[in-house]
Amino acid sequence: MKVWAWWKALLPYIRSGSGVLQGTVQARRNLAYILLFLSSVMLFIFAVVHFMHQSERLAVLQLSLASFYALCLWLPEQKMPIHIKENVIIMGTSLMFLSLIAGGGIAKTGIYWAPLLPFLVFAVTGIRLGIRWLVLFMLGLV
């Protein structure tokens, strides 16, 4: 698979909603690559914003996650299979949300991002594994 071939799958994925590509290996691969790319870009942008607002710990975490996601994006599937990339997405996002809830982020609004986690988890892993990931996340909150 070429490095940017997954990008072509973004438009049909957005047009179709969620039902057409769901469950196939190609759909999982496309979703993982799309999430890794978009997360890398957004985490880098938010890291710069948090550095400007003197939230250094959160910014360092975001830069680290952005770099790790970019590395996962460029590694071939022989070295890092899709299911590992999916687990990296969920673990990194869970860690990010835990730090946002604990630290609060800018103006202490970090907790407002937490309701997005179940949607991401269920989209990436499915219902059965998603429930397990969310239970682990809830244990992390305690």
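Numbering starts at 1 and runs along the sequence shown.
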Please report the shortest heavy-atom distance between Cys72 and Val88, naming the atom on each side.
SG-CG1, 3.8 Å

Please examine the side chains of Thr125 and Arg132, heavy atoms only from C-beta on, and report whether any two atoms are closer than 4.5 Å.
no

Heavy atoms, side chains only, cut-off 4.5 Å: are Phe122 and Ile131 in contact?
yes

Heavy-atom check, side chain of Ile82 versus side chain of Val25, under 4.5 Å:
no

State the OG-CD distance between Ser99 and Gln62, to the nearest 0.5 angstrom.
7.0 Å

Mind listing the closest non-hydrogen atom pair of Leu43 and Ala66 along with its distance?
CB-CB, 3.8 Å

To the nearest 0.5 Å, what is the distance between CG (Leu61) and OG (Ser55)?
12.0 Å

Would you confirm whether Tyr33, through its side chain, and Leu73, through its main-chain N or O, come within 3.5 Å as a donor-acceptor pair?
no

Min side-chain heavy-atom separation Leu63-Phe51 under 4.5 Å
yes

Taking Ser94 for the side chain and Phe137 for the main chain, is one N or O donor matched with an acceptor at less than 3.5 Å?
no

Cluster overlap Leu116 with Phe37, hydrophobic side-chain contacts below 4.5 Å
yes

Looking at CG of Leu139 and CG of Leu134, how far apart are the two atoms once the value is rounded to the nearest 0.5 Å?
11.0 Å

Check whether any side-chain heavy atom of Asn87 lies under 4.5 Å from a side-chain heavy atom of Trp133, and answer yes or no.
yes

Could you note down all residue pairs passing salt bridge (charged side-chain N to carboxylate O under 4.0 Å, His left out) where residues 81-92 supplies at least one of them, sequence neighbours left out?
Arg28-Glu86

Nearest heavy-atom contact between Ala59 and His50 is CB-CB, 3.9 Å

Using a 6.0 Å cut-off, check whether atom CD1 of Ile84 has over 12 heavy atoms from anything other than its own residue.
yes

Show, in sequence, the C-alpha distance, side-chain angles and deciding distance for Ser64 and Val60, and conclude whether the side chain to side chain contact (heavy atoms under 4.5 Å, CB included) test is met.
CA-CA 6 Å; Ser64 301; Val60 167; 4.2 Å; yes

Any chance you could measure Gln26, atom CD, to Leu31, atom CG, to the nearest 0.5 Å?
11.5 Å

Residues Tyr112 and Pro115: closest non-hydrogen pair is O-CD, 3.4 Å

Taking Leu36's backbone N and O only, do any of them form a donor-acceptor pair with Ser39's side chain (distance below 3.5 Å, no angle check)?
no

Would you say Phe46 and Leu95 are hydrophobically clustered, going by side-chain heavy atoms of ILVMFWY under 4.5 Å?
yes

Any chain of hydrophobic side-chain contacts (each under 4.5 Å) joining Val49 to Leu100?
no

Report whether Phe119 and Leu141 are members of the same hydrophobic cluster (ILVMFWY, side-chain heavy atoms less than 4.5 Å apart, transitive linking).
no

Does Phe97 CZ have over 12 foreign heavy atoms under 6.0 Å away?
yes

Test item: Val124 and Thr93 side chains (from C-beta on) under 4.5 Å apart, heavy atoms
no

So does Ile127 have more than 12 non-hydrogen atoms from other groups sitting under 6.0 Å from CD1?
no

What are the two closest heavy atoms between Ala32 and Ile89, and how far apart are they?
O-CD1, 3.7 Å

With a 4.5 Å cut-off on side-chain heavy-atom distances among I, L, V, M, F, W and Y, is there a chain of contacts connecting Ile106 to Met42?
no

What one should report as the nearest heavy-atom pair of Leu120 and Ile90 is O-CD1, 4.3 Å

